[in-house]
Amino acid sequence: MPTGSVKLHSIKKLGEENSSFANEEPNGAYMTMVDTKKDKSYSKKKEPAIRIGFFQLFRFASCQETLMMILGSLCAVLHGSAQPLMLLVFGMLTDTFIEYDIELQELLDPRKECVNNTIQWKNRSEADWLDSNKTDEMRNVTCGLLDIEYEMTNFAYYYVAIGLAVFLLGYFQISLWVKSAARQVKIIRKMYFRKVMRMEIGWFDCNSTGELNTRMSDDINKINDAIADQVGIFIQRFTTFVCGFAIGFVKGWKLTLVITAASPLIGIGAALMALFVAKLTGRELLAYAEAGGVADEVLTSIRTVAAFGGQQKEVERYDRNLIWAQRWGIRKGLIMGFFTGFMWLVIFLCYSLAFWYGSSLVVDAHEYTPGTLLQVFFGVLIAAMNLGQASSCLEAFAAGRGAATIIFETIDREPEIDCLSEAGYRLDKVKGDIEFHNITFRYPSRPDVVILDQLSVAVKSGETTAFVGPSGAGKSTAVQLIQRFYDPNEGMVTLDGHDIRGLNIQWLRSLIGIVEQEPVLFATTIAENIRYGRPGVTMDDIIDATKEANAYNFIMDLPQKFDTLVGEGGGQMSGGQKQRIAISRALVRNPRILLLDMATSALDNESEAVVQDALDKVRMGRTTISIAHRLSTIKNADVIVGFEHGRAVERGRHDELLERQGVYFTLVTLQSQGDKALNQMASNEGTSLSRAESYRASLRASIRRRTRSQLSNLIPDAKSFISQANTEKSAYVEEEQVEECIEPAPVTRILKFNAPEWPYMLFGTVGAAINGGVNPMYSLLFSQILATFSIPDPEVQRKEIDGICVFFVLVGVISFMTQMLQGYAFSKSGELLTRRLRRMGFQAMLGQEVGWFDDHRNSPGALTTRLATDASQVQGATGSQIGMIVNSITNIGVAIIISFYFSWKLSLVIMCFLPFLALSGGFQAKMLTGFAKQDKEAMEAAGQISSEALNNIRTIAGLGKEQSFVEMFETHLEAPYRAAKKKANVYGACYGFSQCIVFLANSASYRFGGYLVSQEGLHFSLVFRVISAIVTSGTALGRASSYTPDYAKAKISAARFFQLLDRVPKISVYSNKGDTWSDFRGNLQFVDCKFTYPTRPDIQVLNGLNVSVKPGQTLAFVGSSGCGKSTSIQLLERFYDPDQGSLVIDGHESTQVNVAFLRSKIGIVSQEPVLFDCSIGDNIKYGDNQRDVSMSDVVSASKKAQLHDFVMTLPEKYDTNVGSQGSQLSRGQKQRIAIARAIIRDPKILLLDEATSALDTESEKTVQEALDKAREGRTCIVIAHRLSTIQNADIIAVMSRGFVIEQGRHDQLMALKGAYYKLVTTGAPIS
């Protein structure tokens, strides 16, 4: 039985399995593939993505590993030659069968008999009239010598022997390579992690921790794939290729050349297919990229879309872009079907040609025996297939080299500030004077922003120095320079007169204790966390430190006391408790220098008092630098230094600085007012309130969280992510786990979505069924050809052979048609489904309440990827999946029917092997995809350590604990390494088994076949027919089961999608429920509103807001940032609903009002208006999505907004495109378009959120005029920082910490001489 036919089905997996039958093609194709890739990357970057040769991947191999790899390669070479070796046996076996059959047929002739082991005529004289050559020919026919059963037993032994050899060779080949790779990968992981932990902090700013974590897992796994079993398999396949062709040329060069000549067609087909598919995929992606761009634009500006009710409009716009993607997708399916069909056609034509020409060599020229014909044919076939399969390993090698490039470069990089180095000197006595000399500094991640600008400050030993100033003034940066996380670009930092760059880093950091605003605790016990402060501390030291930090009592109250686990990131502890543990950790070090970076800002009043107490105790006699925003923490500092724009602008004591009326003064005025009011409220309610100020604080934390450090400067809204990222860590961890375990969606529900396409699916299924029948047809024809060789009459023989060859052609043509049908029909139904799902998913997203988008898992990026990938993965569960199943069922079904029809006994014997064959087919296919998943699970523990270390690298660096994390990581690598070694054995055994099972199946079935032929007179061709039918379909079945485009993945993607579609938004835009009324006047009342953002439930933003506006009045909010001004506007738009209290509109409670109706009455102009990437006219029309806006309306609105004259100066007037996010226009112009957009709605309520703050004086005037016009006759709420914009409001409300501290007209408030008066008289900015 030819194993060639076993492997045949692999042609199905296009482009990967066998790129061609031709030996020369894949090499070339592979080269061109690499080259084109290289060219592309050259154009992007000067240096190619792969800068590492294949053999450099093994640079960490020791002698032992090298030996293992050499032995493994040797086994692979021997294993590779087994298949061609089997062909020799197979050829002899065929010849034996045919010889036996000829003898039987001769003896059927009553005139012949067997004498002396040759066949003779019974009656000589009858033969006289025969030609002498006929007699000669007959003399050669021996008889009686051939004991078919004995022969078959011998062949069976050959098969078993080869099978066992293959098992052993396969086992050693795989296990040796996998073991050696496991050892090398372990070394690479160690080296990489150790080097990363030594890098300076600036390097981490430029490499996000997420990326480093992926590199630790995925990239190193890619290297593993490139240096493990794939190498062995590549060597094995390549050997098979060489040996197969060798057999072909040695046994019969003519036929080999004929087959080889035809095979480039297949190569060309494969190449063309790859080319077209790549091109079409490119186009499809481009088309989808435009739709994705729309989705991204809409989701990023979801608040604008919601405010103007543009959901439906956006869904239409998105859908328009999807049509193109769908068209290209369908074409791609058609072309893939066409080429798959074409390749099958060529293959069957090849068969037909080979058998036709080969049989003429056998029958007419007597050059070959039938066995030789088969040896040559299958030799070439196997060779070509293995070459195709070997080329798939090359992808793994390329990926591994690409991954190794970055990793090896990191391993070879020398850190600029090496924390583990022993260099640098240690001072004998440390006094603790710190001085900054003319320091200029920029963060390496954003070299264009100057953070510190010629900063000079002296900090005396034993004193407490406070740094104050607005966010981003460089206070934290100065502290980081003391720890030597960075080196200044100019100037120097000195400790007792020594430049700190000359000191030993570990020693310098051991002098410093630091307490941050968001302290990082490690996921271990309280005692262990404190021990991180200093190696080798006793329990007594820990207890003393906790007593000093006011932490002892609360720790003793916990059931497990010091052995209590603090949870991931300290999530089990409250803010105050974490803070006090962090202070104990700093104190255990007994530091000379104490750095307090806003140590109390994230706490509520009660815990603040306790922590502040602890800090005051420990400051004595140490050099302390304290950064704070709260006056209570700063007042009693020895020196206060005011920072602004990276310089120290003032220094002195509390009273001196108040007289100067500078930075410090502004800070104090606003705070003391807010504090007073808060204390009154607190005494009324008898509760202590947390502070909205900590919102600001969490922004400060951002700069500490290295990955996010870029955000704070680039994205004004970084505040919201960052604060959420830290405070919510623990809550999210739980939620994420909840989300991960989604139940896969039931297929029936997915099919329901695909129901309208049933005709396509029906035709596709028919195509698939016919394709499934092709495989067994092939075994039918193949055995028929063998049967012809034993026909005595040459005429009949010739005719039979021609007929069969024509039949081959026919099967090829049918296959071509059905493959095309299947490809087109399923791609059509799949693409329509994808488009439908994308549209529905997008619509569902836009229908969610705004709070849903605050969750970091629903960031615009995440949602657009979900639309892009999930929707297209769902396809895998419907069309092509059904095709695959039908294909396999008909394949197996037809095969079994054929075989049982011809010989049920033999069929039963082979059926015993069927499950094993299917298993082996499945296993081989699984091997192609690799076993990466299990590796990932084994790596989890080590992965947790590495990610904890990388996420908190600053804390670790500050504590000087890099070395211990490296050691922990290395001990955790042992388990996955042991697992990998164990896996190597299992994996090797499985591989060996899957390779040898075919040999064993053949040995048993041919032996039994021999018995049936001799005892029961079964025709020998039927033995071949039955065996090849079942064996091919068995392996095909195994293959099919694993080639299914990831079915499970599709079901999970679908489930995620349905989860989105089924989610009921808290505030629904699409529903018609809720009140609407005709005479909307715009009478607003906030009644005791309390509110926290859903993503930061611990920060109270509105704290009992009471304020009301009559129709037509203007209300102005003033106050520092984070006091809840913008939040109140968002409540009015119903982006959120208040947690307590209510917002009453014309006597209706806001939660009862229809959302779409309410928003249609409100126009909003915000500080950074969001414009869409379309024309000016369209942007203005966006203001009213309820009706079709006429051009005259647009013009009148833009006249009111002082915009018309400017638009008329543009060449394309209202059709001018504003660019992405309005980038083609100046701020003033954008602002006026936004005003026109708000006016066109003719809203009853106008919201102006700092509408002029971002403008220069000139454009501010114009915009201000436009706004004053727009306000006439409407209820208006203004938020502003400039007094000029507020003075003529009807009501001015001064807000602080989430409620109003004073309200009235401008003159009333001036008379009160409260907060507002101070702000106006000092002219200090109100923020």
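From a predicted model like this one, the values you see are computed outputs, not experimental measurements.
Residues E65 and Q184 have side chains that never bring a donor and an acceptor to within less than 3.5 angstrom of each other. Q483 and R954 form no side-chain donor-acceptor contact under 3.5 Å, judged by distance and modelled atom types alone.
For the pair N952 (side chain) and T955 (backbone), a donor-acceptor distance under 3.5 Å is absent. Not a single donor-acceptor pair under 3.5 Å links the side chain of R401 to the backbone N or O of L57. Of the possible donor and acceptor atoms, one in the side chain of R589 sits under 3.5 Å from a partner among the backbone N and O of R509. The backbone N or O of E416 lies less than 3.5 Å from a partner atom in the side chain of E200, making a donor-acceptor pair.
Interatomic distance, S510 OG to L959 CG, rounded to the nearest 0.5 Å: 11.0 Å. Atom CD1 of I593 and atom CG of L508 lie 7.0 Å apart (nearest 0.5 Å). With rounding to the nearest 0.5 angstrom, the CG atom of N438 is 9.0 Å from the CG atom of L455. A distance of 9.5 Å separates OH in Y192 from CD1 in I223, rounded to the nearest 0.5 Å. Residue L67 holds its CG atom at 10.5 Å from OG of S180, rounded to the nearest 0.5 Å. Note that OG of S73 is 4.0 Å distant from CH2 of W177, once rounded to the nearest 0.5 Å.
Across every non-hydrogen atom of T971 and M968, the tightest pair is OG1-O, 2.6 Å. The shortest non-hydrogen separation linking G400 to A226 is CA-CB, 3.7 Å. Between A181 and N224 the shortest heavy-atom distance is CB-OD1, 3.6 Å. Taking all atoms of both residues into account, the shortest heavy-atom contact from D499 to M492 is OD2-SD, 3.6 Å. Contact record, I434 with L495: CG1-CD1, 4.2 Å, taken as the closest heavy-atom pair. Pairing each heavy atom of F436 with each of A478, the nearest pair is CZ-O, 3.5 Å.
A salt bridge links E414 with K195: the closest approach of a Lys/Arg side-chain nitrogen to an acidic carboxylate oxygen falls below 4.0 angstrom.
Using a 4.5 Å heavy-atom threshold, the side chains of T410 and W203 count as touching. When side chains are defined from C-beta on, Q173 counts as touching Y991, because their heavy atoms get closer than 4.5 Å. Side-chain atoms of L503 and Y425, non-hydrogen and from C-beta on, do get closer than 4.5 Å to each other. At least one side-chain heavy atom of Y532 sits under 4.5 Å from a side-chain heavy atom of R585. Side-chain contact between E974 and R978 is present, with at least one heavy-atom pair separated by less than 4.5 Å. No side-chain heavy atom of I417 sits under 4.5 Å from any side-chain heavy atom of R501. Side chains of I956 and M197 form a contact here, defined as non-hydrogen atoms less than 4.5 Å apart. When side chains are defined from C-beta on, F60 counts as touching F408, because their heavy atoms get closer than 4.5 Å.
Partner of Y443 under the side-chain contact (heavy atoms from CB on, under 4.5 Å) criterion, out of I201, T477, V450: T477 alone. Of the listed residues (Q963, E962, R426), just one forms a side-chain hydrogen bond (donor to acceptor under 3.5 Å, both in side chains) with Q506, and that residue is E962.
Classified by interplanar angle (parallel below 30°, tilted 30° to 60°, perpendicular above 60°), the ring pair F441/Y486 is tilted. The aromatic rings of F397 and F54 sit tilted, their planes meeting at an angle between 30° and 60°.
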task: Output, in order, the C-alpha distance, side-chain angles, deciding distance and verdict of side chain to side chain contact (heavy atoms under 4.5 Å, CB included) for I500 and I482.
output: CA-CA 8 Å; I500 62 170; I482 298 175; 5.8 Å; no
Stepwise side chain to side chain contact (heavy atoms under 4.5 Å, CB included) test for I407 and M191: CA-CA 10 Å; I407 286 183; M191 310 258 303; over 6 Å; no
- prompt: Under the side chain to side chain contact (heavy atoms under 4.5 Å, CB included) criterion, do V185 and I227 qualify, and how do the steps go?
  reply: CA-CA 9 Å; V185 165; I227 62 176; 4.3 Å; yes
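Other residues, nucleotides and ligands contribute at most 12 non-hydrogen atoms within 6.0 Å of the CZ atom of F55.
In this structure, K186 satisfies the cation-pi test against Y977, with its NZ or CZ atom closer than 6.0 Å to the six-membered ring centre and inside 45 degrees of the ring normal.
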